[in-house]
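For reference, the structure discussed in these notes is given below.
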Number of protein chains: 2
Amino acid sequence: MATRTDAPTRREQILKEAARLFAERGFHGVGVDEIGAAVGISGPGLYRHFAGKDAMLAELLVGISESLLTGAKRRLAEANGAGGVAPGAVLDSLIEGHIDFALDDRPLITLHDRELDRLRDADRKLVRQLQRQYVELWVAVVRRLYPDLTEPAARSAVHSVFGLLNSTPHLTRPGSLPDRAGTAELLHRMARGAFAAAGA
Amino acid sequence: MATRTDAPTRREQILKEAARLFAERGFHGVGVDEIGAAVGISGPGLYRHFAGKDAMLAELLVGISESLLTGAKRRLAEANGAGGVAPGAVLDSLIEGHIDFALDDRPLITLHDRELDRLRDADRKLVRQLQRQYVELWVAVVRRLYPDLTEPAARSAVHSVFGLLNSTPHLTRPGSLPDRAGTAELLHRMARGAFAAAGA
DNA sequence: CCTCCAGGTTAACGACCGCTAACCTCCCTG
DNA sequence: CAGGGAGGTTAGCGGTCGTTAACCTGGAGG
């Protein structure tokens, strides 16, 4: 099991800093020396923890996709286990989970739809499969709430709402944005409004 | 004036292919030899048309920002010239313009919010200033339509709707998306719905 | 017909980058 | 108290990349 409350592992430090740097300057724009410097070691010391630069990106992207999908499945199961919650409440739960992720792990959300093509074939296929499962899970919930939506329209709507929710990195002129709770609530309302408009 | 209906200039060919490649693989992920090959010349021949790789990116990003801002100003002037159109109609016009751009110049819309940090300081400041003017123009229109929105909230809402509208590149599993008109209309409805929900 | 330049070509340079090799140094363990 | 592995270090190799240099060529203009 992973150490969650302990002090962060070296590996975890490296992944966190790598995510930040990749998001800021792009995968090819960051050198291994910079990543090392960000955690206090220098250059090739990283190779004691990762097979290479590609492996860091792969672990980040797979981790993100798995985390999103796992969280969504858990929320869906909780709703179903609670004896048939209203479809709107399930959608609210999915939206809330996605917003939490987007606000708490901004660099990861940026990487998630930006550096996918830098992966080796096997990893890219895995990430895409996880992403597709995540999308299809949303599509099913949205169509249950708005049965008039065709499946392609629902899928487009879901992708568009992801674009809306993932826009938080662009609000990052630090100090100028409202508080976290207010931002989360605004994004949530807008996402619901967008779906409602799509389903009409 | 630029040649619009004539055969495209070499410069224009290069810019178009560079935009596509930068959007696909990132600025640092594309070599000058590839850009040259994409227009039938090879490698250093590009330096007869541009001062360097950076100059191509700069011209692309400045062009995008200017084009978006100019179009929005024109639409606003048309509305004001027509003797006070309803605020909702002005917002519709802005949304329509942005959607046209996002659907017709997908690679450019991708570059626009992804490779800004690769610019030299002067160019980056110019692009950011143009982008800010574009955002503020939207914010003013949105606040006229939804006066209860605070300015920070309106700005966040505008950025979020940009995220929604700019999500079109993610729908590009070619052949699977509905027709252009249908996509445009869906995006338009969702954007209006998101704004309406934000303003409540 | 000569000239000249716009727009190419190939060769090559210098910088950088990912990665490996070789070595060092704690610290934990038997 | 050996000793050995985990986790560093620096040096350096091989490849790639952006850019420059030097040269070539076809076609327009006097």
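Every chain is numbered from 1 and lettered A, B, ... according to where its sequence line falls, protein lines coming before strand lines.
- Here the side chain of A:Y47 is nearest to one of C:dC19, C:dG8, D:dG18, namely C:dC19.
- Rounded to whole angstrom, the span from the NE2 atom of A:H28 across to the C1' atom of D:dT16 amounts to 12 Å.
- Looking at A:L94 and A:H98, their side chains never come closer than 4.5 Å, going by heavy atoms from C-beta outward.
- One interatomic measurement links the two molecules: CZ of B:R48 to P of D:dA21, which rounds to 11 Å at whole-angstrom precision.
- As a whole-Å value, the separation of B:F50 CZ from C:dG8 C1' is 16 Å.
- Judged purely by atom type and a 3.5 angstrom limit, B:T70 uses its side chain to pair as donor or acceptor with the backbone of B:E66.
- Taking only side-chain atoms of A:P44, from C-beta outward, the nucleotide of C:dT20, C:dT9, D:dG8 with the closest atom is C:dT20.
- Counting to the nearest Å, the P atom of D:dG18 and the CG atom of B:L21 are 12 Å from each other.
- In summary, the aromatic rings of B:H170 and A:F162 are positioned with their centroids too far apart to meet the 6.0 Å limit.
- Rounded to an integer number of Å, the gap from CG of B:D33 to C1' of C:dG8 is 14 Å.
- Distance B:L46 CG to C:dT9 P: 9 Å, rounded to the nearest Å.
- As judged by a 4.0 angstrom heavy-atom cut-off over every strand, B:G52 is placed among residues touching the sugar-phosphate backbone only.
- Using a cutoff of 4.0 Å between basic side-chain nitrogens and carboxylate oxygens, B:E78 and B:R75 are not scored as salt-bridged.
- The CD1-P distance, from A:I41 to D:dG8, rounds to 5 Å in whole Å.
- If you check the side chains of A:H112 and A:N166, you find no donor sitting under 3.5 Å from an acceptor.
- When the P atom of D:dT16 is taken as reference, atom NZ of B:K53 falls 15 Å away, rounded to whole Å.
- Within 4.0 Å of B:V30, counting heavy atoms only, lie sugar-phosphate atoms of the nucleic acid but no base atom.
- Residue B:H49 has no polar side-chain atom (N or O) positioned under 4.0 Å from OP1 or OP2 of C:dA6.
- Using a 4.0 Å heavy-atom criterion, one finds that A:G45 contacts the bases of the nucleic acid, with or without backbone contacts as well.
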